[in-house]
Amino acid sequence: GFFKLGENNIQGGSMWGKVVYRCRHYFLCVGYAVMLIGEYNHTLDKKGRVIVPSRFRDELGENFIITRGMDSCLFLYPMYEWKNLETRLKGLPFNKAETRAFLRLFFSGASEVEVDKQGRILIPPLLRDHSHLKKDVVFIGVSNRAEIWSKEIWEEYSSNSSLSFEQISEKLMDFQM
């Protein structure tokens, strides 16, 4: 639907905007950029539930998608980001074996999760196994998605990557910041 932007919304003025997705505390509007940042340590309980950091819950919403990620982590997408990603992935050449394999693994591992009243989600066993989640986990924000890592794997990855951070950024930063 449509709503009028006012004092309690993201932008002021008397402009009209189309509601894309309703989060817990505010509306996300066309043109609004998701910003998931930071690193948060949490504990997985015996049932496979974990508390989602409150700052991430605001961006991810009450329901979001969790799926296999790269480097033994899990990707968490707000529903509107998932729809955007799904649209882009549908454009990949279906006649290539690598595309079919990637899409099968990526989508077959995806689940919609709901945040309960305690701020927890249940991570499906398939995804816990994929990411080697046992007890201690780390949530990290990566701009438009969040990731969940086994604390041990994240510390190793982060340690190895931080050694080459400057070299990596030099290679990637061909544009002015």
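Residue numbers run from 1 in the order of the sequence given. Since this is a predicted model, take the numbers as computed values, not measurements. The basis for the numbers below is simple: all heavy atoms, side chains too, and nothing from hydrogens, waters or symmetry mates.
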**OP:** Test E86 against R88 for salt bridge (Lys or Arg N to Asp or Glu O under 4.0 Å), laying out the working first.
**Re:** CA-CA 5 Å; E86 181 183 17; R88 290 194 319 266; over 6 Å; no
Subject >> Minimum-distance pair of heavy atoms, taken over all atoms of Q118 and I51 >> reply: O-CG1, 4.3 Å
**OP:** Taking atom CD of E152 as the centre, report whether more than 12 heavy atoms of other residues, nucleotides or ligands fall under 6.0 Å from it.
**Re:** no
Original post:
Are any of the side-chain heavy atoms of R68 and S108 separated by less than 4.5 Å?
Top reply: yes
**OP:** Please say which of D45, V50, V52 ends up in a side chain to side chain contact (heavy atoms under 4.5 Å, CB included) with R120.
**Re:** D45
Subject >> Partners meeting side chain to side chain contact (heavy atoms under 4.5 Å, CB included) with T67 (sequence neighbours left out) >> reply: F75, Y77, W82, F106, A110
Original post:
Quick one: CG on L127 to OG on S111, what's the gap to the nearest 0.5 Å?
Top reply: 5.5 Å
Original post:
Is F107 reachable from L85 through a run of hydrophobic residues whose side-chain heavy atoms are each under 4.5 Å from the next?
Top reply: yes
**OP:** Might you point out which heavy atoms bring E114 and I121 nearest each other, and give the distance in Å?
**Re:** O-CG2, 3.9 Å
Subject >> Validation row: L126, D129 side chains within 4.5 angstrom (heavy atoms) >> reply: no
Subject >> E81/K83 ion pair, N-O < 4.0 Å >> reply: no
Original post:
Under a 4.5 Å cut-off applied to non-hydrogen side-chain atoms, are D71 and Y157 in contact?
Top reply: yes
Original post:
Which pair of non-hydrogen atoms, one from G141 and one from F56, has the smallest distance, and what is that distance?
Top reply: N-CZ, 3.4 Å
**OP:** Find out whether L44 and I123 are in side-chain contact, i.e. whether some heavy atom of one side chain is under 4.5 Å from a heavy atom of the other.
**Re:** yes
Original post:
L105 and I148: same hydrophobic cluster, using ILVMFWY side-chain contacts below 4.5 Å?
Top reply: no
Original post:
Which distance, rounded to the nearest 0.5 Å, do you find between the CD of E98 and the CG of L103?
Top reply: 11.5 Å
Subject >> Counterpart residues, ring pair (Phe, Tyr, Trp, His ring centres under 6.0 Å), relative to H42 (two or more places apart) >> reply: F139
Subject >> Side-chain touch L36/R55, heavy atoms, less than 4.5 angstrom >> reply: no
Original post:
What is the distance from atom CD1 of I140 to atom SG of C73, rounded to the nearest 0.5 Å?
Top reply: 6.5 Å
Original post:
Where do W149 and L133 come nearest, in terms of heavy atoms and distance?
Top reply: C-CD2, 3.6 Å
Original post:
If you take all heavy atoms of P78 and N144, which pair is closest and at what distance?
Top reply: CD-O, 3.7 Å
Original post:
Looking only at atom types and distance, does a side-chain atom of R100 sit under 3.5 Å from a main-chain N or O of F94, one as donor and one as acceptor?
Top reply: yes
Original post:
OG of S143 to CE of M35: how many Å apart, nearest 0.5 Å?
Top reply: 5.5 Å
Original post:
Do L122 and R128 touch side chain to side chain, with heavy atoms closer than 4.5 Å?
Top reply: yes
Original post:
If you round to the nearest 0.5 Å, how far is CG of N84 from CE of M79?
Top reply: 12.0 Å
Subject >> Heavy-atom pair of closest approach, residues L76 and L74 >> reply: CD1-O, 3.9 Å
Subject >> Distance in Å, H132 NE2 paired with H130 NE2, rounded so as to fall on 0.5 Å steps >> reply: 7.5 Å
